[in-house]
Amino acid sequence: MFPWFRGGVESAVPGSVPRLLSDPGVGLFRADERVFIEMLDRWRAQMLARGLTAGTIKGRCGVVGRFQEFTGEFPWQWRPVDVEEFLAELRSGEKPISLTTLRSYSNAIAMFCAYLTHPAYGWGEFCERTFGGIPTQICFEWNTPRHTTDDAVPAGRRAFTVQELQRLFDHQDDLVDREYAAGSKRWLPLLRDSIAFKVCYAYGLRRRELAMLELEDFGPNPHVPDYGRFGAVQVRWAKGTAGSGPRRRTVLTVPEFDWVVDLLKDWTRGGLRERFATADRSSALWPSERADRVAVGSLGDAFAQARAAAGLPKELGLHCLRHSYVTHLIEAGYDPAFVQTQVGHAYASTTGLYTSVSSDFKQKTVQKMIARRTAKPEEESSA
């Protein structure tokens with residue numbers, strides 16, 4: 001018996017077997033189902049104690065519940081073949097799930113098994129005493145998808161070329177002008193979306209980061225006073241790690257994208273944002289026609305419509321603007337470590353995946369190296 005169960009007193013360790021179940025004098029109706037429900041509840045408590053977000057916890061518990069329904073058995077009966085069949089089922093059929101989703105499902109099951117088999121929580125001893133079996137880890141490298149950076153980005157996703165970006169933005173500007181000249185009310189939301197997409201590109205933002213921007217998120221860069229209050233942006237809804245919730249980062253305005261400063265000034269100080277009837281409800285940078293701020297999904301839909309109308313490939317989604325930001329900064333000669341910090345990547349390899357430099361850039365680089373090598377023999381002979 002572990003010390004935190006001495007005398008039958010329940011431990012204060014979040015996630016441990018509850019006192020009601022560990023009391024041998026208490027009988028359980030439909031014990032297997034009741035214990036499984038308690039396992040999930042205590043796992044939730046353990047994840048809450050670790051600081052994970054409610055959405056992450058709900059998603060992981062949902063996957064485990066779905067897996068239990070698929071097997072028709074309970075954790076002390078699960079075998080490695082069960083997770084193999086479950087994952088194979090998800091990848092087959094008319095609409096197989098993506099490899100990224102498959103990996104997240106297998107991770108959720110693996111984490112639940114790791115929780116149950118940890119001696120601090122007492123589930124192994126309890127299940128052996130109650131059911132004659134103990135939970136074991138059923139997810140291994142040989143029966144779950146491996147995590148490699150090479151498949152982190154879909155093959156069709158790439159950066160926009162400069163010409164494609166110009167085509168997209170010109171199309172949006174022309175559409176705004178036409179709608180405004182025709183007296184249509186559509187010109188204002190179209191203008192908002194157009195400026196939002198340019199801001200997304202100029203700062204390398206994710207879709208949610210873009211949608212959640214507020215007026216107060218912008219501030220000066222004391223080293224570049226010419227940019228005024230738009231020298232940097234504080235991204236408060238950056239992607240978290242391991243379900244820990246949003247992170248923060250500061251993105252500096254760089255000279256290659258300083259045209260965004262005038263756009264932001266016009267939008268925030270030129271009276272454009274205030275034309276929305278909902279603008280005074282909040283400090284959201286992108287107010288909606290009916291709500292305080294535009295929805296994340298609405299931005300994605302609007303971008304897809306603009307891309308299609310501009311005649312650009314379907315695989316170029318809103319997130320590709322972020323790829324373009326990384327690529328064009330690298331092509332401009334910025335240090336990869338700086339670019340990694342700007343976009344908030346934890347690993348340089350992720351930034352590398354986002355980089356798809358143009359053939360022109362590659363040719364110029366090769367030509368520079370050739371010129372450097374051919375110059376060396378001449379310098380040696382002259383010496």
Legend entry - Check: A110 main-chain N/O paired with Q137 side-chain donor or acceptor under 3.5 Å: yes

Inset, instruction - Step by step, work out the side chain to side chain donor-acceptor pair (under 3.5 Å) result for Y334 and E256. - result: CA-CA 11 Å; Y334 282 83; E256 282 69 21; 2.3 Å; yes

Legend entry - Separation of H319 NE2 from L205 CG (nearest 0.5 Å): 11.0 Å

Inset, instruction - Side-chain contact test, heavy atoms from C-beta onward, threshold under 4.5 Å: evaluate it for V235 versus D217 and give yes or no. - result: no

Legend entry - Parallel, tilted or perpendicular: rings of W259 and F257 (30°, 60°): perpendicular

Inset, instruction - Please determine if E214 and R236 form a salt bridge, counting it only when a charged side-chain N lies under 4.0 Å from a carboxylate O. - result: yes

Inset, instruction - Write down the atom of W286, the atom of L210, and the distance for their closest heavy-atom approach. - result: NE1-O, 3.1 Å

Inset, instruction - Decide yes or no on side chain to side chain contact (heavy atoms under 4.5 Å, CB included) for L168 and F303, but give the supporting numbers first. - result: CA-CA 10 Å; L168 173 68; F303 186 85; 3.6 Å; yes

Legend entry - More than 12 heavy atoms from other groups under 6.0 Å of CD on E141: no

Legend entry - Greater than 12 external heavy atoms within 6.0 Å of E128's CD: no

Inset, instruction - Kindly assign one of parallel, tilted or perpendicular to the pair W76 and F74, based on the angle between their ring planes and the thresholds 30° and 60°. - result: parallel

Legend entry - Side chain to side chain, H171 and L312, heavy atoms closer than 4.5 Å: no

Legend entry - Ring centre gap for W123 and Y121 strictly below 6.0 Å: no

Inset, instruction - Check step by step if side chain to side chain contact (heavy atoms under 4.5 Å, CB included) holds for V64 and Y115. - result: CA-CA 12 Å; V64 172; Y115 155 71; over 6 Å; no

Inset, instruction - Establish, yes or no, whether a centroid distance under 6.0 Å links the rings of Y105 and F67. - result: no

Legend entry - Crowding at CZ, R281 (>12 non-hydrogen neighbours, <6.0 Å): yes

Inset, instruction - Work out which heavy atom in S288 is nearest to a heavy atom in T278; give both atom names and the distance. - result: O-OG1, 2.5 Å

Inset, instruction - Measure the shortest side-chain to side-chain distance between Q172 and L190 over non-hydrogen atoms and say whether it is less than 4.5 angstrom. - result: no

Legend entry - Heavy atoms from other residues, nucleotides or ligands near OH of Y180 exceed 12 (cutoff 6.0 Å): no

Legend entry - R44/D41 ion pair, N-O < 4.0 Å: yes

Inset, instruction - Check whether NZ of the Lys or CZ of the Arg K265 lies under 6.0 Å from the centre of the six-membered ring of F230 and within 45 degrees of that ring's axis. - result: no

Legend entry - D280 side, atom CG; R273 side, atom CZ - distance, nearest 0.5 Å: 8.5 Å

Legend entry - R307 side chain vs K314 backbone, donor-acceptor pair below 3.5 Å: yes

Inset, instruction - Could you check if a side-chain atom of R322 sits within less than 4.5 angstrom of a side-chain atom of R206, using non-hydrogen atoms only? - result: yes

Inset, instruction - Decide side chain to side chain contact (heavy atoms under 4.5 Å, CB included) for R158 and H323; before the verdict, give the C-alpha distance in whole Å, the side-chain angles of both, and the deciding distance to 0.1 Å. - result: CA-CA 7 Å; R158 60 172 175 85; H323 289 246; over 6 Å; no

Inset, instruction - Please determine, by modelled atom types, if E209 and Y203 share a side-chain donor-acceptor pair under 3.5 angstrom. - result: no

Inset, instruction - Report yes if some heavy atom in the side chain of W78 is under 4.5 Å from a heavy atom in the side chain of F112; otherwise report no. - result: yes

Legend entry - F131 and Q77, any side-chain heavy atoms less than 4.5 Å apart: no

Inset, instruction - Look at the side chain of S104 and the backbone N and O of T101, then say whether any donor-acceptor pair between them is shorter than 3.5 Å. - result: yes

